Amino acid sequence: MAELPDLTVFALTLNRKFKGKRLKKLEIFIAKKLNVTSLELQKRLENQVLEKVDRVGKTLQFRFGKSEVLGLHLMLRGELKEVSKDQQLPPNAILSFHFTGGIGLAVTDSLKQATATLKPAENIVPDALDIKESDFIALLSKKSKKIKTLLMDQKLIGGIGNSYADEILWDARISPLSIANKIPNQAAKKLYKSISDVLEIAISAMKKENKGELRGELRDFMNIHGANIKKSPTGKRIQSEKINGRTAYFTEEQNFYG
DNA sequence: GAATATGTTTAAAT
DNA sequence: CATTTAAACATATT
């Protein structure tokens with residue numbers, strides 16, 4: 001699925017392609033994950049101008065007109081696909097936006113779990129790229145859960161999923177099994193830096209790779225996370241273990257604190 | 001065909 | 001009671 005870097009680049013691309021255009025038609029094929037009726041959603045958004053697309057945590061927020069906001073979460077398998085007027089829709093379409101000029105955007109999801117939320121709740125969770133170092137350190141000291149679980153907890157920090165959690169923890173040389181409040185200050189500071197380092201590098205790599213077009217997520221440049229990756233960049237064997245039902249990939253280079 | 005991958009919600013355990 | 005962990009959800013891909 002898409003994590004913070006993918007979504008950040010998606011937002012850039014969507015702004016480039018659709019910002020300032022009027023939504024002529026909104027088609028809803030699966031309404032199960034909407035928080036309002038299809039009719040209400042269409043009524044609120046159709047004929048409004050798309051002002052901006054922002055990433056908020058793992059969601060995209062589409063701002064229409066003066067005050068309408070649609071939050072979109074792609075969940076496990078959601079994808080965004082550009083569609084043109086007379087083109088047939090991609091499989092598993094949930095929504096399709098048709099803008100002036102004959103260009104459009106389809107949201108697909110084979111699992112049908114992607115959610116579209118009109119007027120999403122105000123986000124009070126700090127974003128992984130915005131959180132202050134002092135707040136991050138304070139957060140770690142309050143929690144006795146595994147560090148990887150903490151990084152992925154969207155109620156604590158926004159934007160990091162299973163893949164990037166592994167990449168970040170390797171970069172910081174901290175074992176994913178470490179207990180958050182047992183991580184010494186020095187290592188916690190390094191972890192804080194690794195979060196922005198790893199995410200920023202991924203964002204710029206994806207910008208380059210996607211060339212301003214909408215594509216799926218890219219993980220070609222993952223160093224650690226992936227069943228087919230055998231060795232870390234430093235040549236150490238990668239091992240794996242389930243943490244809360246998700247596979248964590250890591251190496252012996254990573255220090256365990258706990 | 002069983003195992004794997006994935007994020008969130010809900011249920012269970014500590 | 002608060003906090004942490006496991007299970008459930010569903011299906012394309014390996």
Side-chain angles (χ1 to χ4, degrees), chain A residues 1-8 10-11 29-35 55-61 70-81 89-95 106-117 120-121 123-128 138-169 175-183 195 199 202 206 215-230 238-250 256-258:
Chain A
M1 66 78 55
E3 293 183 33
L4 184 152
D6 313 87
L7 291 164
T8 302
F10 289 168
F29 305 101
I30 295 177
K32 213 168 99 179
K33 296 290 185 178
L34 304 181
N35 66 336
R55 178 188 65 78
V56 176
K58 287 185 194 172
T59 73
L60 293 173
Q61 293 195 349
L70 182 69
L72 182 69
H73 196 312
L74 296 173
M75 300 298 281
L76 296 173
R77 301 269 269 276
E79 294 178 20
L80 299 174
K81 299 203 166 131
L89 282 167
N92 303 309
I94 289 183
L95 303 172
V107 180
T108 68
D109 184 0
S110 62
L111 289 181
K112 302 176 174 60
Q113 290 176 328
T115 62
T117 308
N123 189 34
I124 46 161
V125 176
D127 189 82
L139 176 61
L140 293 201
S141 69
K142 276 194 302 210
K143 298 289 177 181
S144 61
K145 55 169 66 173
K146 294 186 182 72
I147 186 60
K148 181 169 177 184
T149 310
L150 184 153
L151 290 177
M152 290 171 61
D153 190 336
Q154 300 304 299
K155 290 187 166 66
L156 302 177
I157 309 174
I160 301 171
N162 195 33
S163 309
Y164 284 97
D166 282 347
E167 297 293 318
I168 289 164
L169 286 165
S175 164
L177 297 161
S178 295
I179 304 303
N181 60 8
K182 299 286 174 61
I183 297 174
I195 291 174
L199 295 175
M206 281 185 203
R215 306 196 184 182
E217 71 218 52
L218 287 167
R219 38 188 56 190
D220 301 347
F221 48 87
M222 288 261 163
N223 289 316
I224 302 297
H225 184 92
N228 47 359
I229 305 174
K230 302 294 179 209
I238 293 172
Q239 46 193 306
S240 65
E241 184 169 332
K242 292 263 186 202
I243 299 178
N244 293 345
R246 296 287 168 272
T247 306
Y249 296 92
F250 56 100
F256 172 76
Y257 304 102

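Lettering follows sequence order; numbering is per chain, from 1. Computed from a predicted structure; not experimentally measured.
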D109(A) vs I30(A), test: side chain to side chain contact (heavy atoms under 4.5 Å, CB included). Steps then yes/no. CA-CA 10 Å; D109(A) 184 0; I30(A) 295 177; over 6 Å; no
Given I157(A) and L150(A), is the side chain to side chain contact (heavy atoms under 4.5 Å, CB included) satisfied, shown in steps? CA-CA 8 Å; I157(A) 309 174; L150(A) 184 153; 4.0 Å; yes
Determine, step by step, whether K112(A) and K32(A) satisfy the side chain to side chain contact (heavy atoms under 4.5 Å, CB included) criterion, reporting the C-alpha distance in whole Å, the side-chain angles of both residues, the deciding distance to 0.1 Å, and the verdict. CA-CA 8 Å; K112(A) 302 176 174 60; K32(A) 213 168 99 179; 5.9 Å; no
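Across all strands shown, T115(A) has no heavy atoms under 4.0 Å from either base or sugar-phosphate atoms.
The two atoms that bring T59(A) and H73(A) nearest to each other are CG2-CD2, 3.7 Å, heavy atoms only. Closest approach of S178(A) and F256(A) over heavy atoms only: OG-CA, 3.5 Å. Taking all atoms of both residues into account, the shortest heavy-atom contact from Y257(A) to K182(A) is CB-O, 3.5 Å. Contact detail for A106(A) and L89(A): the closest heavy-atom pair is CB-CD2, 4.1 Å.
Side-chain nitrogen and oxygen atoms of H225(A) include none within less than 4.0 Å of the OP1 or OP2 phosphate oxygen of dT4(B). Residue K146(A) has a polar side-chain atom (N or O) positioned under 4.0 Å from OP1 or OP2 of dT5(C). Listed pair Y249(A) / dA5(B) meets the phosphate criterion, a side-chain N or O lying under 4.0 Å from OP1 or OP2. Contact annotation: S163(A) side-chain N/O to dT6(B) OP1/OP2 distance is under 4.0 Å. Taking side-chain N and O atoms only, T247(A) has a distance below 4.0 Å to OP1 or OP2 of dA5(B).
In this structure, L7(A) places its CG atom 14 Å from C1' of dT6(B), rounding to the nearest Å. Rounded to an integer number of Å, the gap from L177(A) CG to dT4(C) C1' is 15 Å. Straight-line distance from the CG atom of D109(A) to the P atom of dG7(B): 13 Å, rounded to whole Å. Computed from coordinates, the K148(A) NZ to dT4(C) P distance equals 18 Å when rounded to whole Å. The distance from atom CD1 of I147(A) to atom C1' of dT3(C) is 16 Å, rounded to the nearest whole Å. Separating the NZ atom of K242(A) from the P atom of dT6(B) is a distance of 9 Å, rounded to the nearest angstrom. D153(A) has its CG atom 10 Å from the C1' atom of dT4(C), to the nearest Å. One atom, CD1 of I243(A), and another, C1' of dA5(B), lie 16 Å apart when rounded to the nearest Å.
Judged by distance alone, the side chain of D6(A) and the main-chain N or O of E3(A) form a donor-acceptor pair under 3.5 Å. Remark: the backbone N or O of I224(A) is paired with a side-chain donor or acceptor of E167(A) at under 3.5 angstrom. No donor-acceptor pair closer than 3.5 Å links the side chain of N162(A) to the backbone N or O of R246(A). With hydrogens and angles disregarded, no donor-acceptor distance shorter than 3.5 Å links the side chain of Q61(A) to the backbone of V56(A).
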Where protein sits on nucleotides 8-14 of chain B, one letter per nucleotide: B base, S sugar-phosphate only, - none, heavy atoms under 4.0 Å: BS-----
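Where the helix from dA2(B)-dT14(C) to dT14(B)-dA2(C) starts and where it ends, the local axes point in directions that differ by 50°; five pairs per end, rounded to 10°.
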Taking only N/O atoms, report every protein-nucleotides 10-14 of chain C pair under 3.5 Å with atom names and distance.
| residue | atom | partner | partner atom | Å |
| --- | --- | --- | --- | --- |
| dT11(C) | O2 | R77(A) | NH1 | 3.3 |
| dT11(C) | O2 | R77(A) | NH2 | 3.2 |
| dA12(C) | O4' | R77(A) | NH2 | 2.7 |

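A salt bridge is absent between K143(A) and D153(A): the closest approach of a Lys/Arg side-chain nitrogen to an acidic carboxylate oxygen does not fall below 4.0 angstrom.
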